[in-house]
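Accompanying notes for the structure given below.
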Amino acid sequence: MDVSMTLWVLTILGLGALIAVDFFIGRKPHDVSIKEAGIWTVVWIVLAALFGLGLLFAGESQASGEFFAGFITEKSLSVDNLFVFVLIMAKFAVPSHLQQRVLLIGVLIALVLRAIFIAAGAAIIASFSWVFYIFGAFLIYTAWKLIQEARSDEEEDEFEENRLLKSIEHRFGVADKYHGTKLFIRNNGKRVLTPLMVVMLAIGTTDVLFALDSIPAIFGLTHDPYIVFTANAFALMGLRQLYFLIGGLLRKLVHLSYGLSVILGFIGVKLVLHALHESGVHVPEISIPVSLAVICGVLVITTITSLIASKKQAEREAADAAEKDSVKV
């Protein structure tokens with residue numbers, strides 16, 4: 001897709017305007033209701049769909065297919081990231097009325113960091129075609145690692161701060177309590193961070209780790225930096241509302257890691273096949289319609305099996321509780 005500088009500028013301005021509207025709506029700290037989260041989740045998904053359809057009507061059918069495949073993949077990976085966001089909120093004991101502000105700024109930081117990653121990835125791919133072998137192998141390894149973690153009985157129930165975050169806290173100091181929406185305060189004449197600022201940085205910088213698999217994954221579906229950026233932007237911008245909408249359902253998606261491992265492994269194989277094709281080896285390449293069908297199919301199956309497994313687990317726990325009560329009596 002041939003993207004002019006004018007289109008890039010208009011796109012960034014348009015996304016900036018949407019972010020500004022989102023910030024304006026959530027400028028006053030408040031507890032986000034399920035109704036509010038649901039409405040705005042639908043709004044962001046509709047906006048993404050309209051953008052993809054706009055590409056289609058503009059005669060860019062290939063770009064449209066790549067956008068939808070990339071958006072769905074990034075959205076599904078983002079849902080998995082919400083598990084970590086829940087742990088971060090619990091770690092820092094973020095008051096419920098401040099969580100929407102934390103997510104808004106945290107996601108904005110994540111979007112900027114991902115834009116840097118995308119620019120670097122596009123430059124590397126343009127100069128070194130063999131990098132597809134590395135991306136493909138990394139995604140296959142990540143898929144295997146996800147399966148191993150899913151099969152493990154150990155559950156990660158606490159967020160560990162990364163070195164960057166610890167160094168920032170050590171350098172500036174952190175207040176012992178929240179001070180509304182303030183990010184810095186004066187403590188004994190010294191300017192220190194508030195816990196709100198720390199948790200925003202935690203959300204934003206943690207996304208760097210998420211980008212290590214999501215960026216290669218979407219480059220496996222499209223090589224167009226414009227599509228990569230817009231798909232990531234739309235997937236991330238609706239993440240705040242999605243957090244409040246499905247926060248209670250996250251624990252029920254018990255097979256999500258298996259589904260994501262299949263998707264990442266599939267895209268990894270797709271990348272390796274593409275790299276072999278670019279090297280002159282006659283191998284079949286996987287088309288975007290096939291990729292889109294596989295990604296959607298895996299997510300649907302994973303969601304259904306997760307809900308069935310969660311229901312059976314709830315029934316077993318209820319039966320065990322009833323048995324224990326009868327024994328006590």
Side-chain angles (χ1 to χ4, degrees), residues 12-33 36-37 40-41 43-44 78 81-119 158-212 214 229 232-245 247:
I12 293 174
L13 289 176
L15 293 174
L18 291 175
I19 293 173
V21 170
D22 196 20
F23 185 85
F24 178 79
I25 293 171
R27 71 190 186 284
K28 184 178 179 180
H30 64 284
D31 292 323
V32 179
S33 65
E36 178 185 345
W40 282 103
T41 296
V43 167
W44 285 115
S78 295
N81 298 346
L82 291 181
F83 283 106
V84 180
F85 289 177
V86 170
L87 295 178
I88 292 175
M89 294 294 189
K91 167 76 173 180
F92 293 98
V94 182
S96 59
H97 67 284
L98 292 178
Q99 290 183 7
Q100 51 88 24
R101 177 64 62 88
V102 168
L103 289 169
L104 179 62
I105 304 300
V107 168
L108 183 58
I109 295 173
L111 183 58
V112 173
L113 292 175
R114 288 204 181 199
I116 296 172
F117 269 66
I118 291 168
E158 186 175 354
F159 169 73
E160 292 292 335
E161 298 177 28
N162 55 53
R163 291 183 178 180
L164 175 61
L165 198 57
K166 288 180 179 178
S167 65
I168 291 175
E169 292 178 11
H170 179 72
R171 170 68 178 81
F172 294 97
V174 182
D176 58 355
K177 64 178 182 179
Y178 287 89
H179 293 264
T181 58
K182 292 182 179 179
L183 304 181
F184 298 90
I185 64 167
R186 288 283 178 181
N187 187 11
N188 295 326
K190 180 183 178 182
R191 195 180 190 189
V192 299
L193 305 174
T194 64
L196 185 66
M197 182 63 172
V198 175
V199 72
M200 285 179 179
L201 292 174
I203 293 287
T205 57
T206 300
D207 190 75
V208 173
L209 299 178
F210 299 151
L212 292 178
S214 65
F229 175 73
N232 266 273
F234 278 106
L236 282 176
M237 286 193 297
L239 195 58
R240 177 171 69 89
Q241 291 81 3
L242 197 61
Y243 171 88
F244 295 104
L245 180 64

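When reading the values below, keep in mind they use all heavy atoms of this one structure, side chains included, and skip hydrogens, waters and symmetry mates.
- Of the possible polar contacts, one joining the T194 side chain to the K182 backbone as a donor-acceptor pair under 3.5 Å is found.
- Across all their heavy atoms, P195 and A175 have their closest contact at CG-O, 3.6 Å.
- Annotation: the span from L193 atom CG to L201 atom CG amounts to 7.0 Å, rounded to 0.5 Å.
- The CE atom of M237 lies 10.5 Å from the CG atom of N232; values are rounded to the nearest 0.5 Å.
- Residues that satisfy the side-chain contact (heavy atoms from CB on, under 4.5 Å) test with R191, not counting sequence neighbours, are F184, R186.
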*Walk me through it: do L18 and W44 pass the test side-chain contact (heavy atoms from CB on, under 4.5 Å)?*
CA-CA 10 Å; L18 291 175; W44 285 115; 3.7 Å; yes

*Can you list the steps and then say if Y178 with V94 is a side-chain contact (heavy atoms from CB on, under 4.5 Å)?*
CA-CA 8 Å; Y178 287 89; V94 182; 3.4 Å; yes

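- Under the rule for a side-chain contact (heavy atoms from CB on, under 4.5 Å), the partners of L183 that lie at least two apart in sequence or sit in another chain are L196, M197, M200.
- Contact between F92 and V198 at its shortest, heavy atoms only, is CE2-CG1, 3.6 Å.
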